[in-house]
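Down below is the structure, laid out as structure tokens.
Atoms within each ligand, like the ligands themselves, are counted from 1 in listed order. Not measured: the values here are computed from a predicted model.
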Amino acid sequence: MKRQNQSSVVEFILLGFSNSPEFQEQLFGVFLVVYLVTLLGNAIIIVVISLEQSLHVPMYLFLQNLSVVDVSFSAAIMPKMLVVLSTQKTSISFISCFAQMYFILFFGGTECFLLGAMAYDRFAAICHPLSYPMLMNKWVFMKLLMMSWALGFMLGTVQTSWVVTFPFCGPNEINHISCETPAVLELACADTFLFEIYAFTGTVLIIIVPFVLILLSYIRILFAILKMPSATGRQKAFSTCASHLTSVTLFYGTANMTYLQPKSGYSPETKKLMSLSYSLLTPLLNPLIYSLRNSEMKKALVKLWRRKVDSHPF
Ligand SMILES: *[C@@H]1O[C@H](CO)[C@@H](O)[C@H](O)[C@H]1NC(C)=O
């Protein structure tokens, strides 16, 4: 039997994009701007929805939770990634690496379920407007919300505590932008077959099932839209649906390719790009496509702005 020294790795090195150092500076600038815009956009949504009573309905309360998740998800990934981009090689302690893995899974998982719950909410509102108050009553709403957070929490806890038990005997260079499970798993010097089966099953349940449900509800919504009498209403509803679907597909599609088979044959560079799509693009775009394009949200923003200006006359 091969002897493995479990304590031989005390820290990992995150390589980031160090194989293309000529781009690092530009990437740092771009990602810094993306991070700040993500924080700002989501913060606006959280504040506007908490202050505006008329937005205290399930659709916006889901959105507010989604913004909290987006901010937390970015905060788990971006600051460390910016540090990685501003140096050639960055070390990350064993504990921090697994803490990052935990938070990525926790918030990423919660995001998966929240997006699913939001699609169900829109489906009920558009396809069954008369029974909507009953389909999405306060109890159902709270249950969906609590389930999303609880399942995200469980995913993070189970998966991280499994991966952390693997022996890591070196090398310790993670060729990725963060300590995501598939990248860390490459370094485990143990048979990870059982874990891969679990990851496959888990991904099917956590990513594919919500994604299929979302697709089905949007298909039903599209049919409902096609039956609308006014052409402008139809066009507007259609463009809203199309933008939701695009972002949802981008998020679930790339997360799926990454997590379904953790040791899949994609090159590390492809995996980095896919990771950027769900960890950087989704939190950036969500506020834009779900709320800032939305007329009720715009009205609430203007109203709060006026109130603020009125209360501080110059
Ligand atoms: C999510 O929304 C619910 C209902 O509005 C709220 O009570 C809860 O605090 C929100 N959770 C977070 C983390 O913002």
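Aromatic ring pairs are classed by plane angle as parallel below 30°, tilted from 30° to 60° and perpendicular above 60°; the pair Phe94 and Phe12 is parallel.
Ring centers of Phe251 and Phe211: at least 6.0 Å apart, outside the cut-off.
In the vicinity of Leu61, heavy-atom distances shorter than 4.0 Å reach the ligand 1 atoms 5 (O). Below 4.0 Å from some heavy atom of Trp149 lie the following atoms of ligand 1, by number and element: 13 (C). For ligand 1, the atoms sitting less than 4.0 Å from at least one non-hydrogen atom of Leu145 are 1 (C), 2 (O), 3 (C), 4 (C), numbered in the order shown with element in parentheses.
To the nearest 0.5 Å, atom OG1 of residue Thr282 and atom CG of residue Leu115 are 8.0 Å apart.
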I would like to know whether Thr157 and Phe106 meet side-chain contact (heavy atoms from CB on, under 4.5 Å); could you show each step before the answer?
-> CA-CA 8 Å; Thr157 309; Phe106 176 16; over 6 Å; no
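Distances from atom 9 (O) of ligand 1 to the protein include no heavy-atom value under 4.0 Å.
Nearest to atom 11 (N) of ligand 1 by heavy atom, out of Val71, Leu66, Asn65, is Asn65.
Salt-bridge check for Lys263 with Glu186: failed, with every basic side-chain N at 4.0 Å or more from each acidic carboxylate O.
At the top of the distance list for atom 14 (O) of ligand 1, counting protein heavy atoms only, stands Val68 CG2, 3.4 Å.
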